[in-house]
Amino acid sequence: MSGGGTWGLILLVTGLFLAIPHSTRRTRNAGGLLITAGIVSILYALPRFGPWFEQLVFWALALLTVGASAAAISMRSPVYAAIWFAVSLLGTAGLLVQQHAQFVGVATMVVYAGAIVVTFLFVVMLAQPEGHETHDRLSWGRLAKPASILAGGTLMALLGSACGAVLNGDIPRAGDGQSLLDDSSELARLGNELFSVHLLAVELVGTLLLVALVGAIALMIHGRERRATREVPDA
Amino acid sequence: MVDGTTIRLLSSEIVLLGVLAFLFLAGTFVRRAHGWWPVFTALAFAALLAIYGFVDRRFADFQISDSQGIVLNGPLVVDLFGLLLRQFALVIGLLLALLCWRRHEEELTSERMGMIVALVIGLLIVARANDLVLMFVGLETVSIPTYVLMFLGRRDRGSAESTMKYFFLSVFSSALVLYGFSFLFGLGGSTQLVGAGGIQEGVARAVAGSPASPLVPLALILLLGGLGFKITAVPFHFYAPDVYQGTTNSNAGLLSVAPKIAGFLALIRVYVAIVPERYDLGWQLPLGIAVLTMTLGNVCALWQRDLRRMLAYSSIAHSGYMLMGIASTVAAARSGGIAAVIFYLIAYSLTSLAVFGAFAFLESQDRPLQRLEDLSGLGKSNPLVATAIAVSMFSFAGIPILAGFWGKFGLFTSVLQAAQGAQGNASWFLFLAIAGAVNAAIAAAYYLRLISTMYFQEARGNLPLGGGLGPFATMLASTILIVGIGLFPGITMQRARLADESLPQPSSGTRMRAEHPPAQPGFQDLSRADEGSR
Amino acid sequence: MFAIEKLILWIPALPLLAALITALLGPKFLRSTCHIPAIIGIGASFLFSLLLLTEVRREQDAAPPGGFERIVTVWNWANLNDAYEHAEAAQPPRAVPLRIDVVMRIDALTSMMLCMVTSVATLVAVFAAGYMHGDRGYWRFFSYVSLFVFSMTMLVSVSNFALLFVFWEAVGVCSYLLIGFWYEKPEAAAAGKKAFLVNRVGDFGFALALFLIWTTYGTLDFHDSQSVDSIASNATAVAADDSLIAASVANPGTSGVLGKARIASGGYVGGAVGFVICALLLLGACGKSAQFPLHVWLPDAMEGPTPVSALIHAATMVTAGVYMVARCTPLFMASPDAQVLVSCVGGLTALLAGLIALTQWDLKRVLAYSTVSQLGFMFLGLGTGSLAGITAAMFHLFTHAFFKAVLFLGAGSVMHAMGNVIDMRRFGGLRRIMPITYGTFLIGSLALAGVPPLAGFWSKDAVLGAVHDKLHLYEQQIELRHAQGGGAADATTDPARAGIGGLETLTDGQLVCGIQAYGWLYYAATLTAFLTAFYTLRALLLTFHGTERVPHEAHGHAHESPASMTFPLMVLAAAACIAGLFFDQTYNASLPSGQRHSFAAFLASAPQLAAGAVGKTPALDSFHLSVAATSVLVSLAGIGLAMYLYLGDTREVRVLTSLFNLDGVVQSLDVRRVFRWRWVAALDRMARRAGLGLVATVTGYLLGAVLIVVSAPLLVAMYVSPYRLSQRKFYFDELYDWGIVRPLRGFSRLLASADRWLIDSLVNFVGAVPPAIGAVCRRMQTGLVPFYALAMLLAMLLLLASQL
Amino acid sequence: MPEASQQLFNYLIVGGLVFALGTIGFIVRRNLIVMFLCAEMMLQGVSISLVGWGRYHDRLGGQMLVLFMIAVAACEAGVALALIVMLYQKSGKLDVTFWQGVREEGRAAFVDRNVPRELDREDHWPRLTPAGIEPTLDEEAPLHRSRV
């Protein structure tokens with residue numbers, strides 16, 4: 001990764017250190033700034049790849065995605081974390097659509113943002129957060145935050161340097177890069193592949209959904225019985 | 001599009017799906033006689049095992065004889081490895097259904113049995129998957145029922161805690177696996193693992209380039225990190241002692257068997273298949289992890305007074321032994337490492353089920369079997385169960401004429417073979433063999449401590465024997481199988497070796513494309529669409 | 001007619017089944033009926049053995065020239081070979097194949113041993129049903145006995161040295177368990193331990209021999225493994241045709257140690273290696289068969305229940321060594337020195353044990369030493385190495401089993417009636433109280449003594465004849481050498497006179513030594529025959545003749561034993577009478593000299609024994625009339641002497657024994673007694689009072705010294721007086737105690753202290769390392785999920801950073 | 001086509017960033033729900049790079065994998081929800097460090113030390129009223145959206 005990228009990474013990591021709980025409002029604000037600056041400089045250091053408009057859209061979406069992710073992990077309130085996560089999903093969906101993966105992008109939106117995150121929001125709010133829970137305000141242990149942020153930063157750096165190898169072009173492309181651009185048949189091809197090659201996986205995932213559904217219900221029943229038995233001596 | 005071949009190939013899965021649906025549906029309406037669900041499930045597995053011998057076996061034999069051992073086309077691979085491990089998965093399903101049969105369970109029995117069936121479906125798929133998508137879905141089909149089953153154990157805090165730990169770390173690890181998969185996809189440009197234009201070729205290409213692409217080690221390490229969680233390899237093992245300790249005995253038995261089989265199957269199907277020949281990192285990683293895993297597992301087990309915690313460390317150590325086979329087979333393809341791993345996996349799983357079956361039999365809802373001291377005097381009070389536990393411990397420790405001995409024998413042989421086969425790296429494998437031998441010696445200490453507790457300490461009161469028939473049957477059947485395999489190791493060993501030989505050989509460049517046999521007509525529906533669409 | 005491959009499986013399986021049934025059901029359900037499964041199992045096994053014998057007899061006539069054998073692969077235990085068969089031939093095998101097969105063999109030797117073992121075992125089991133009645137360990141006893149029969153039948157029918165060793169140990173374990181059956185008795189426990197430990201010495205030699213065989217011949221199988229495969233494929237007896245032999249010889253890996261192909265081609269290693277192998281095998285055999293110098297355990301083993309003594313320590317297990325040496329005949333053929341060694345050990349043991357038996361007062365001990373002596377006879381016969389000698393030894397083994405069993409069971413019957421008193425000085429004249437026991441004991445005694453029509457005469461005479469022949473062989477060879485005037489070199493060029501019985505390769509020195517050895521051995525054997533007759537009759541007369549005396553332990557109701565005990569006695573006595581009939585002389589000069597009685601002719605079809613006839617056997621005089629006459633004469637002399645001494649008035653006995661027994665003389669001069677004399681003590685006191693203490697002390701010491709000097713020769717004379725030597729068993733136990741046990745104990749104490757201070761601390765250090773590592777590693781188990789995730793991530797980063 | 005690899009690199013970096021952020025969040029955060037969301041965030045990173053690879057190779061395999069990831073994530077989310085609710089009912093907390101009772105013997109439990117004083121008192125958190133229970137309205141406490 002180039003120098004700008006390295007500095008951006010340092011900025012990002014510093015910002016995260018400031019923003020992630022335990023933090024105060026002041027450090028959070030400063031952290032937010034640093035994070036944004038870091039992401040921007042990383043993105044700026046990345047090689048350009050296309051027409052300016054496409055590049056601009058990519059930058060915006062990437063900034064949205066990464067920034068919202070950073071915000072999601074630094075928000076003390078789980079509610080806000082979930083909302084920022086949803087925003088990050090929006091950015092992700094945009095990135096996917098930009099990569100001519102329209103269906104997947106929309107599915108991400110619908111399933112993740114529409115279903116999962118909203119459900120989690122409900123759960124969070126049902127849990128009735130009484131203001132600032134200790135576990136939301138603090139990380140565990142004194143070294144946890146620096147260690148994990150350092151580890152995460154190292155991970156980013158290593159990933160960056162490893163992925164830099166693709167710029168050499170020594171990974172041959174399997175196709176010519178044109179067929180995905182044909183938007184009109186995208187969905188049809190997706191469906192074709194989904195129900196021919198991956199038919200078995202589709203069936204299996206259907207089973208899995210059923211199992212998960214029944215499992216979730218079973219968990220609820222199991223837990224409810226527990227409560228019922230616990231209440232007996234009280235009555 | 002679906003023709004008879006596919007149906008027959010997937011007959012086991014289809015039947016099991018039917019069983020699953022029946023369990024879920026009928027379980028909702030029938031609110032009585034819950035004790036029959038495990039019997040029904042076990043019978044279903046038994047019947048399927050019998051049927052398997054006719055339908056799937058014949059089909060597979062037919063296919064294999066046609067195409068020299070392997071059908072590589074699309075997401076499913078039909079070979080003797082899959083055949084053997086699928087049969088074994090059905091056996092495991094049968095034993096697990098019995099193991100999870102609780103005497104006093106009023107509700108949710110059918111759901112739990114359904115989860116076991118789903119888990120076995122996952123194992124069946126993983127044993128045959130040749131595609132990242134199918135592999136991923138298969139692995140998750142093993143994982144998700146496991147979460148549910150773990151939560152449906154006891155209703156105490158420890159059980160909930162262990163479920164939580166397992167769930168969260170498992171989700172974390174599957175993210176790692178997926179990230180590794182993404183780089184594999186990137187390297188190969190396809191989700192197919194072995195075959196024309198598959199990931200195996202891509203990885204070989206990337207390694208052959210100068211300099212070798214750094215994405216290969218990245219992908220391999222992420223893959224090992226994620227799968228290492230499933231097989232409890234150090235340093236991805238942390239959850240195992242806590243989770244085993246917190247959960248019930250039957251769940252610990254399940255946990256020591258199902259994810260581990262799935263993990264090793266995936267490791268063989270993905271990792272071993274794609275690592276090219278003469279790629280040093282490919283064997284160095286499992287070798288290092290193997291040494292770490294078995295050493296750490298054994299030395300930590302020495303300290304434990306909690307039964308399940310000790311067995312958790314023991315299962316960690318056993319994973320280390322099996323990784324020895326993986327390392328040696330990656331280094332020298334003809335070392336017989338996979339055969340040894342298969343044999344060891346079978347021996348280990350059966351032994352583990354025997355132990356946990358015995359433990360589950362010895363406890364009741366009111367009185368869990370937790371500490372080592374709880375077993376004291378068992379040799380006098382219940383000699384049969386004590387014998388089963390002692391046999392299992394001897395098998396774990398690798399005492400001759402039991403299955404575990406032959407497993408270790410095979411593993412060490414393969415390591416020594418690899419030491420011969422891997423020119424210039426012999427010292428690594430000799431070191432591995434010595435480390436393995438030292439570990440086997442250390443391990444004997446805590447296994448024998450358990451046995452001596454049973455036989456040479458005064459009883460502290462009778463154990464309730466509240467597990468009922470199911471765990472007892474599991475214990476008995478597994479023990480008999482251990483002894484049987486120990487007495488007749490040739491049968492299993494031969495099948496394991498055939499399975500090993502049926503696996504695709506590691507690629508050394510782009511030769512696979514030229515030598516690949518033409519597509520089978522019966523697999524049109526499963527063949528790649530993008531090839532067909534052109 | 002009957003599938004003998006099936007029969008051979010049932011014969012061991014039934015006793016095993018009986019053992020399991022008795023062990024599992026015995027304590028709870030069967031209780032006092034434990035003998036039923038054992039008797040049925042062993043009895044059925046006996047019937048099957050008889051069937052097997054007749055089948056073998058029928059089939060061996062059609063056998064190919066190499067001898068009759070059939071190999072049955074029961075079970076491919078640990079057959080990892082199969083796993084490699086499917087690998088393509090072009091590729092190197094992936095791993096070292098390992099193959100341990102459980103293979104049984106059927107041939108004349110095995111079927112004869114099976115018959116002997118199971119028949120005696122059946123009768124002993126019947127006897128024990130009465131004898132052990134009411135014992136607390138009733139089920140244990142029958143379980144052990146059945147297990148022993150299983151082990152013993154397997155021992156004689158396996159076809160592999162490794163398995164032979166396994167069952168060799170198994171019978172040892174059964175013997176240990178049964179000697180120490182009454183483990184509350186300290187003597188019994190000690191005797192069991194002693195037997196086990198002494199046997200360890202032999203087993204160690206045996207194991208070494210196995211390793212040597214493995215390294216020398218590359219296999220531990222008796223049979224040629226090619227014949228196994230073809231048996232498996234077409235289930236027909238394998239003809240030892242030339243092509244097979246050629247193939248086996250060309251590929252030495254497939255020809256077994258004792259296989260037909262190797263025997264035919266003579267592919268055996270002689271010289272030092274061959275001698276060492278044989279000597280080690282002999283050491284193993286000495287342990288199990290109680291031969292000098294490892295004979296000390298057997299008399300002590302009489303602490304076990306008497307049926308056990310009869311079965312294991314007289315008839316069956318102790319003959320395992322004989323069986324093994326006979327089975328290994330081809331190995332011994334390759335080393336004439338080893339043969340001489342076998343004969344010497346046998347002859348020496350026979351004589352020594354015979355001498356010891358003369359003076360024992362314990363009835364069972366007399367019989368035990370007699371067993372040792374007779375086993376020595378068998379080794380003497382084996383050592384001749386000729387077919388005649390080996391078959392004679394096996395014949396003696398066969399007949400001995402019956403008459404020794406009848407003697408032991410008779411002794412058991414006496415013990416039963418006498419309230420477990422076995423000292424012959426305390427009872428006598430029992431022939432009216434126990435007529436059946438007396439009658440059968442008499443038959444057994446006469447058979448043992450070698451009185452002509454009975455079994456013992458024929459077999460003993462055959463052994464003596466074989467030794468006599470061997471002596472002649474050596475003499476003839478010497479004469480041949482002299483006549484040729486040359487050494488061994490040109491003997492090979494003259495096939496007609498190449499040499500006799502494989503002796504042509506010996507040097508002149510070896511020949512002379514052989515002549516000396518076999519000459520002395522022949523006389524020793526004759527002397528032993530005399531001694532045998534004497535001590536046997538002595539035991540008989542002391543027990544059943546003279547004035548009627550019954551010890552008080554019998555509680556006044558000494559009586560004949562119940563039918564379950566007398567019935568086996570009578571059957572065995574009948575067998576002891578007629579077993580000699582197998583020795584029907586045909587005087588067929590066309591047969592080789594070894595096969596002139598049908599028993600030997602039968603046995604000679606076993607390939608290994610047939611090897612004894614490989615060398616040219618000269619036409620010696622067949623029925624050794626002179627030998628037979630001599631042995632009968634000395635037997636009668638022994639019997640006569642015993643009758644003269646012990647029949648009727650026993651006053652002469654005391655006179656005679658006191659001639660040999662200097663105890664009384666020496667005791668009167670014992671130094672230690674001097675100081676106990678009253679007047680010496682008084683003198684000593686007076687001297688002290690008179691203030692002459694010093695003088696008195698010095699005088700006392702001087703006096704003592706003089707007395708010691710005077711009495712020392714007498715003391716020595718006392719301890720080495722013949723009677724005392726015999727009575728104290730030539731001090732073997734003391735010798736071993738002072739020579740081996742005590743030094744070893746001191747050495748081990750030294751080692752133990754070294755161990756405690758040096759090794760232990762080292763081991764403790766090594767043993768402390770893993771827990772120490774564990775103590776560090778387990779600190780990481782904090783129980784926190786995020787910490788675990790962090791650790792996983794850090795580990796992966798470490799790996800990644802090292803690779804990128 | 002160098003552009004393609006540059007585009008791929010961009011996407012890989014973004015994916016890697018999201019993945020790493022998710023990892024950090026998973027480790028640092030203690031709220032069970034947030035932890036789960038962070039795990040999902042890791043999956044987002046994976047899907048970005050997968051789709052990037054798919055575009056590079058012009059293959060649908062990457063999208064396929066993402067699709068199945070989404071489906072499986074939905075399954076996991078269902079189980080996770082049920083699990084978290086049950087855990088919350090047991091403990092009354094969503095704190096992951098609450099669940100450290102099972103650990104190595106002799107290892108001291110983690111406890112929060114030096115919990116800082118709450119500085120941001122003015123923050124108020126949205127909540128839902130439990131269904132079926134009449135809300136007890138505290139007049140002085142300002143509700144988040146008091147006008148509704």
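Chain identifiers are assigned alphabetically (A, B, ...) following the order of the sequence lines, protein sequences preceding nucleic acid strands; residue numbering begins at 1 within each chain. Both backbone and side-chain heavy atoms feed into the values below; hydrogens, waters and symmetry mates do not.
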Selection residues 181-199 of chain B - residue pairs positive for salt bridge (Lys or Arg N to Asp or Glu O under 4.0 Å), sequence neighbours left out: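 The answer is none; no pair qualifies.
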Contact part of [X] toward chain B, heavy-atom cut-off under 4.5 Å: side chain, backbone, both or neither?
{"X": "D:L87", "answer": "side chain"}
{"X": "D:F26", "answer": "side chain"}
{"X": "D:F19", "answer": "side chain"}

Residue pair D:Q100 / B:D242, side-chain heavy-atom distance below 4.5 Å: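 No, side chains not in contact.
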Less than 4.5 Å to any heavy atom of chain D: does that hold for the side chain of [X], its backbone, both, or neither?
{"X": "B:L215", "value": "side chain"}
{"X": "B:I144", "value": "side chain"}
{"X": "B:Y313", "value": "side chain"}
{"X": "B:Y179", "value": "both"}

Ionic contact status for B:R371 with D:E105, cut-off 4.0 Å: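 Yes.
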For chain B, which residues of residues 70-79 of chain D have heavy atoms nearer than 4.5 angstrom: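 So far as heavy atoms go, D:V72, D:C75, D:E76, D:V79 are the residues that approach chain B to under 4.5 Å.
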With no hydrogens and no angle check, is any side-chain donor or acceptor of [X] less than 3.5 Å from a backbone partner on [Y]?
{"X": "D:H57", "Y": "B:G186", "result": "yes"}
{"X": "B:E161", "Y": "D:G101", "result": "yes"}
{"X": "D:K90", "Y": "B:D156", "result": "no"}

Contacts of residues 166-175 of chain B with chain D (heavy atom under 4.5 Å):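 Contacts with chain D: B:F167, B:F168, B:V171, B:F172, B:S174, B:A175.
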Side chain to side chain contact (heavy atoms under 4.5 Å, CB included) between D:F68 and B:L132, worked out: CA-CA 11 Å; D:F68 284 100; B:L132 290 183; over 6 Å; no
Cation-pi, D:F98 ring and B:R157 (6.0 angstrom, 45 degrees):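 Here B:R157 passes the 6.0 Å and 45° test against D:F98.
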CA sep, side-chain torsions, deciding dist, call: D:R59, B:T191, side chain to side chain contact (heavy atoms under 4.5 Å, CB included): CA-CA 9 Å; D:R59 285 284 185 271; B:T191 53; over 6 Å; no
Which residues share a side-chain hydrogen bond (donor to acceptor under 3.5 Å, both in side chains) with B:T146, sequence neighbours left out: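 If we apply the side-chain hydrogen bond (donor to acceptor under 3.5 Å, both in side chains) test to B:T146, skipping adjacent residues, there are no hits.
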Atom pair CZ/CZ of D:R103 and B:F238 - distance to nearest 0.5 Å: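 CZ of B:F238 is found 16.0 Å from CZ of D:R103.
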Value rounded to 0.5 Å, distance of CE in B:M150 from CG in D:L83: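 Separation between the atoms: 9.5 Å.
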Taking [options] one by one, which has the highest count of heavy-atom pairs under 4.5 Å against chain B?
{"options": "D:A39, D:C38, D:G62", "result": "D:G62"}
{"options": "D:T23, D:L12, D:L32, D:L43", "result": "D:L32"}
{"options": "D:M69, D:M35, D:M86", "result": "D:M69"}

Test side chain to side chain contact (heavy atoms under 4.5 Å, CB included) applied to D:V96 and B:M164, step by step: CA-CA 9 Å; D:V96 72; B:M164 190 278 291; 4.0 Å; yes
Contact summary for B:L178 and D:L65, nearest pair of heavy atoms: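 Residues B:L178 and D:L65, closest heavy atoms: CD2-CG, 4.5 Å.
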